[in-house]
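First the structure, in the form of structure tokens, and then the observations on it.
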Amino acid sequence: GSGPNPVDLGHEFNASSTRVVNPSTESGGTLRLGAFADANSWEPARTYYAWVNDVQRLYVRTLMGFAPDPTQASTVVPDLAEAPGEPSRNFTRFSYTLRDGITYEDGDPVTSGDIKYAIERLYQPGVLVADQTVTLRCLLAECDDRNLPRYLGPRSGDLSSIDTPDDRTIVFTLREPFATFDYLMALSSTAPVPPSKDVSAAYHKRELATGPFRIASYQPKQRITFERNPRWNPDSDPIRKPLLDEVTIEFIPDLKELDELLIAGAIDARADTGMQPAFQVEALADPELRKQVDTPLDGGVRYLALSRSVA
């Protein structure tokens, strides 16, 4: 055919893997995103969609985070912590110091005890819908041969492998060496939660945001809106340099409608995945549309796990 060769998409494709595309210094405005489906949960301890983990970086901070430079995107750097974890000689003990003056969106201070409590919650039966924390949990507590921990969360007592000698220091003692522990401290599921706010209210009503944005409104399966968090201190955050006033995500289960909204400019981008085949062909064939398209390699792997123990 006369359209572009789909194998050779030119040097501009995968551009966002090597640089920030169309960087801007203008502040203000709203980024309008669309997604096929809502998150299973906007609470970090319950999330398992990769794109939701990405969006959570708007309002959730963890001890470590991913570098903002696209060429270093798989590198973890300090976020809530002042520096990477200080390891013991055999990598079984890691110590972190929190930056000074970090608060939640309501002004309450973030403490090392809040991070300890958030991790203890991950052991509570029924808290997690899908588990991204098996490795972390079995490094910090004894597990059986099915990777189920014997510790059952804060209601069953203290997790002695996490020590908080003061409000800014947290020390992890591991059951075996794990040199890349900093990566586990970048999981959004380790975001701080004070015990006083671990209540039955929905996550977005608990005022737990530590990042530059907070959840302004949420209508499940319809839309979520993020607004600027007035308590976020840019001097304490080496990762995020936000310019926007607001980010919205509309949940639209009709994939064809999603593409039509993109074509019409009613939404700016997909939050979750890419365009449908028909729109891909149209966008690649149109020189102006083609400038707005990228297909970055993201390192994600989709797979199907078959249980051989089920008939």
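All heavy atoms count here, side chains included; hydrogens, waters and symmetry mates do not.
For Asp69, the salt bridge (Lys or Arg N to Asp or Glu O under 4.0 Å) test picks out no residue, with sequence neighbours left out. Take Asp163 and apply the salt bridge (Lys or Arg N to Asp or Glu O under 4.0 Å) test, not counting sequence neighbours, and it matches no residue. Residues that satisfy the salt bridge (Lys or Arg N to Asp or Glu O under 4.0 Å) test with Asp167, not counting sequence neighbours, are absent from this structure.
Taking NE2 of His204 as the reference point, atom CZ of Phe226 lies at 11.0 Å (rounded to 0.5 Å). The distance from atom CG of Leu98 to atom OG1 of Thr164, rounded to the nearest 0.5 Å, is 11.0 Å. Distance CG/Asp166 to OG1/Thr111: 10.0 Å, rounded to 0.5 Å. Interatomic distance, Glu82 CD to Asp100 CG, rounded to the nearest 0.5 Å: 8.0 Å. Atom CD of Glu26 and atom CG of Leu243 lie 9.0 Å apart (nearest 0.5 Å). Put simply, CH2 on Trp51 and CD on Gln56 are 9.5 Å apart, with the number rounded to the nearest 0.5 Å.
At a threshold of 4.5 Å between non-hydrogen side-chain atoms, the residues Lys205 and Tyr218 do not count as touching. A heavy-atom distance below 4.5 Å is not found between the side chains of Arg32 and Leu261. The side-chain heavy atoms of Tyr117 and Ile119, taken from C-beta on, include no pair separated by under 4.5 Å. Counting heavy atoms from C-beta outward, Glu105 and Ile215 have side chains that stay 4.5 Å or more apart. Between Phe181 and Leu136 there is a side-chain heavy-atom pair separated by less than 4.5 Å. For the pair Leu122 and Ser189, the minimum side-chain heavy-atom distance is below 4.5 Å. Side-chain contact between Glu282 and Asp259 is absent, with no heavy-atom pair separated by less than 4.5 Å. Between Arg206 and Asp198, the closest side-chain pair of non-hydrogen atoms falls below 4.5 Å.
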Item checked: Evaluation steps, side-chain contact (heavy atoms from CB on, under 4.5 Å), between Thr169 and Ser112 -> CA-CA 6 Å; Thr169 306; Ser112 55; 5.6 Å; no

Margin query: Run the side-chain contact (heavy atoms from CB on, under 4.5 Å) test on Arg175 and Glu142 for me, step by step, so that the C-alpha distance in whole Å, both residues' side-chain angles and the decisive distance to 0.1 Å come before the verdict.
Written below: CA-CA 8 Å; Arg175 295 179 58 79; Glu142 184 184 355; 3.7 Å; yes

Note to self: I'd like to know whether Val110 forms a side-chain contact (heavy atoms from CB on, under 4.5 Å) with Thr103, so could you lay out the CA-CA distance, the side-chain angles of the two residues, the decisive distance to 0.1 Å, and finally the verdict.
What the structure shows: CA-CA 5 Å; Val110 174; Thr103 70; 5.5 Å; no

Notebook entry, point to check: Please walk me through it: do Tyr104 and Arg231 pass side-chain contact (heavy atoms from CB on, under 4.5 Å)?
Noted result: CA-CA 7 Å; Tyr104 298 100; Arg231 299 284 187 170; over 6 Å; no

Checklist line | Verdict with reasoning, Asp272 to Tyr49, per side chain to side chain donor-acceptor pair (under 3.5 Å) | finding: CA-CA 9 Å; Asp272 48 357; Tyr49 296 152; over 6 Å; no

Next item on the list: Could you walk me through whether Asp158 and Ser160 pass side chain to side chain donor-acceptor pair (under 3.5 Å), step by step?
Entry: CA-CA 6 Å; Asp158 180 66; Ser160 60; 5.5 Å; no

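Note on Met185: it clusters hydrophobically with Phe66, by side-chain heavy-atom contacts below 4.5 Å among ILVMFWY residues. Trp232 and Tyr59 sit in two unconnected hydrophobic clusters of ILVMFWY residues. Membership requires side-chain heavy atoms under 4.5 Å apart, directly or through other members. In the hydrophobic clustering of ILVMFWY residues, with side-chain heavy atoms under 4.5 Å counting as a link, Leu58 and Met64 come out together. If you chain together hydrophobic residues whose side chains sit under 4.5 Å apart, Ile162 and Tyr183 fall into the same group.
Classification of the Trp42-Phe251 ring pair by plane angle, with boundaries at 30° and 60°, yields tilted. The aromatic rings of Tyr96 and Phe172 sit perpendicular to each other, their planes meeting at more than 60°, with 30° as the lower class boundary.
Taking a 6.0 Å sphere around NZ of Lys221, one finds it holds 12 or fewer heavy atoms contributed by other residues, nucleotides or ligands. Dense packing is recorded around CD of Glu260, with more than 12 heavy atoms of other residues, nucleotides or ligands lying under 6.0 Å away.
Figure legend: Arg228 and Phe213 shown as a cation-pi pair, the cationic atom lying under 6.0 angstrom from the six-membered ring centre and within 45 degrees of its axis.
Exactly one residue among Glu207, Glu227, Glu246 makes a salt bridge (Lys or Arg N to Asp or Glu O under 4.0 Å) with Arg214. That residue is Glu227. With Glu120 as the fixed residue, the side-chain contact (heavy atoms from CB on, under 4.5 Å) test singles out one of Ser156, Pro195, Pro154: Pro154.
Panel note: side chain Ser88, backbone Thr92; a donor-acceptor pair is recorded below 3.5 Å.
The residues Arg99 and Asp237 are annotated as not salt-bridged, no charged nitrogen and carboxylate oxygen being separated by less than 4.0 angstrom.
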